[in-house]
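Down below is the structure, laid out as structure tokens.
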Amino acid sequence: MTPDASRASVDESPDVFAERWRGRFPILASTTYLVTHSLGAMPGTVYDKLRAYADQWATRGVRAWAEGWWDSPITVGNSLARIMNAPEGSVAMHQNVSTIEAIVASALTFPPERNKVVYTSLNFPTNMYVWEGYRRLGAEICVVESEDGVGVPTERLLAAIDERTRVVPVSHVLFKSSYLQDAAAICARAREVGALVLLDTYQSLGTVPVDVQELGVDMICGGSVKWLCGGPGAAYLYVRPDLLRALEPLVTGWAAHAAPFAFESGPQRFAQGARRLLNGSPAVPALLAATAGYEIIREVGVDAIRAHSIHLTEWLRGELSARGFSLPSPADPERRGGTLTVGLRQDEHGPAWVAALERRGILVDHRPGAGLRVSPHFYTRLDELAHFAETLSELRRTRSWAEHAGGTKAY
Ligand SMILES: Cc1ncc(COP(=O)(O)O)c(C=O)c1O
């Protein structure tokens, strides 16, 4: 049976659905795991992937480079490409999104008539840090401010994208609030005025359906740490094939060369396809480990994951709101990613809540200005959310979270 043929039915009960996958994730036996927006649970098959990598190194030695290691940024990219309906050879793997934004920025120019970089104040900060630096090379950074800290109305973002815009590097789902931006409208507006879109799907791919061809998006980037359950060190860059041919990043290296093993001196001579986006030797173990996550995401199917996620987050929203909690993330599930945020009161210390929940076997996290971030994934059961809701009520009633004040957990 092909992986896609075994996709779960979205009609089965959420608990039956979740139960089908739970046994594949060791940590679910010992915790209520609601922190996928930060680090997805590890599939047990990662052990097999890393053992195979070590065996290959141990037994094949240097020959391993020609037996898969050198090509891994592209072959692993192909495995991921299927989750976003990208053509083979259009995705290159890198270590992280910060590097990818720097690679893309280094392939662009910023003449006065086409120098605007447009994003919102709720973009993930690492992306801002990269683009801000390009002021030095003529970029004009246009930040569309959020008024409520949750999102920016699409019309305001679209109005900022004009004929002077070079690139729109924005998140699909905002990391703090889980606000799901209208990627189709952003791409359409950018196309109209000749601007490029670099969509960061770190917080969407694996839980929200993404189809690069349907969107007509120019570029997509993200990492595998969260909803793809692929672990750190495996970030992806998709570039639309006809745009790919024209990109010549200044952040480059010998892996992007048309003939890397000819060791030509002089200027770069770019390879064809996504290979031209590479730079140096790949982080092979991280890339191979990540395929464990992609395989299970493809097997479950993102449409089924999304249906399960909406069912669970809607249930939890109703339950927590009945218990008197505020829920700052968008109420409309169509405008929300896989995470729900739970507001805390002024005198309630977020990190202490996280520590108190951890003590009770429940993993979530906290972001200043956002509250607690809570993420069911396809492996989450309803009774886990019921237990979480009951625990939150107990913590507020007894103020026992205060016993953990002063904790400095960073995740
Ligand atoms: C939307 C988004 N972009 C980027 C990142 C991280 O970037 P990097 O891969 O450079 O660590 C995160 C991490 O939380 C994120 O949520």
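For ligands, and for the atoms within them, numbers begin at 1 and follow the listed sequence. Remember, predicted model here, so these are calculated numbers, not experimental data. In this chain, residues are counted from 1 in sequence order.
Near Ser98, the atoms of ligand 1 lying under 4.0 angstrom from a non-hydrogen atom of the residue are 8 (P), 10 (O). Which parts of ligand 1 touch Gln203 is read off a 4.0 Å heavy-atom cut-off, strictly below it: atoms 16 (O). Within ligand 1, counting atoms from 1 as listed, the ones closer than 4.0 Å to a heavy atom of Asp200 are 1 (C), 2 (C), 3 (N), 4 (C). For ligand 1 and Phe175, the ligand atoms under 4.0 Å from any heavy atom of the residue are 16 (O).
Among Val173, Leu122, Thr120, the single residue meeting the side-chain contact (heavy atoms from CB on, under 4.5 Å) criterion with Gln181 is Thr120.
Side-chain contact check for Pro43 versus Arg24: every heavy-atom pair is 4.5 Å or farther apart. In this structure, the side chains of Leu50 and Leu288 stay at 4.5 Å or more apart for every pair of heavy atoms. Using a 4.5 Å cut-off on side-chain heavy atoms (C-beta onward), Val76 and Asp71 make no contact.
If you check which protein heavy atom lies closest to atom 8 (P) of ligand 1, you get Val97 N, 3.6 Å. Ranking protein heavy atoms by distance to atom 15 (C) of ligand 1, first place goes to Phe124 CD1, 3.5 Å. Ranking the protein heavy atoms by distance from atom 11 (O) of ligand 1 puts Asn96 CB, 4.2 Å first.
A donor-acceptor pair shorter than 3.5 Å cannot be found between the side chains of Ser171 and Tyr179.
In this structure a side-chain-to-backbone donor-acceptor pair under 3.5 Å is present from Arg360 to Ala356.
Note: an N/O pair closer than 3.5 Å links Lys226 and ligand 1 by distance alone.
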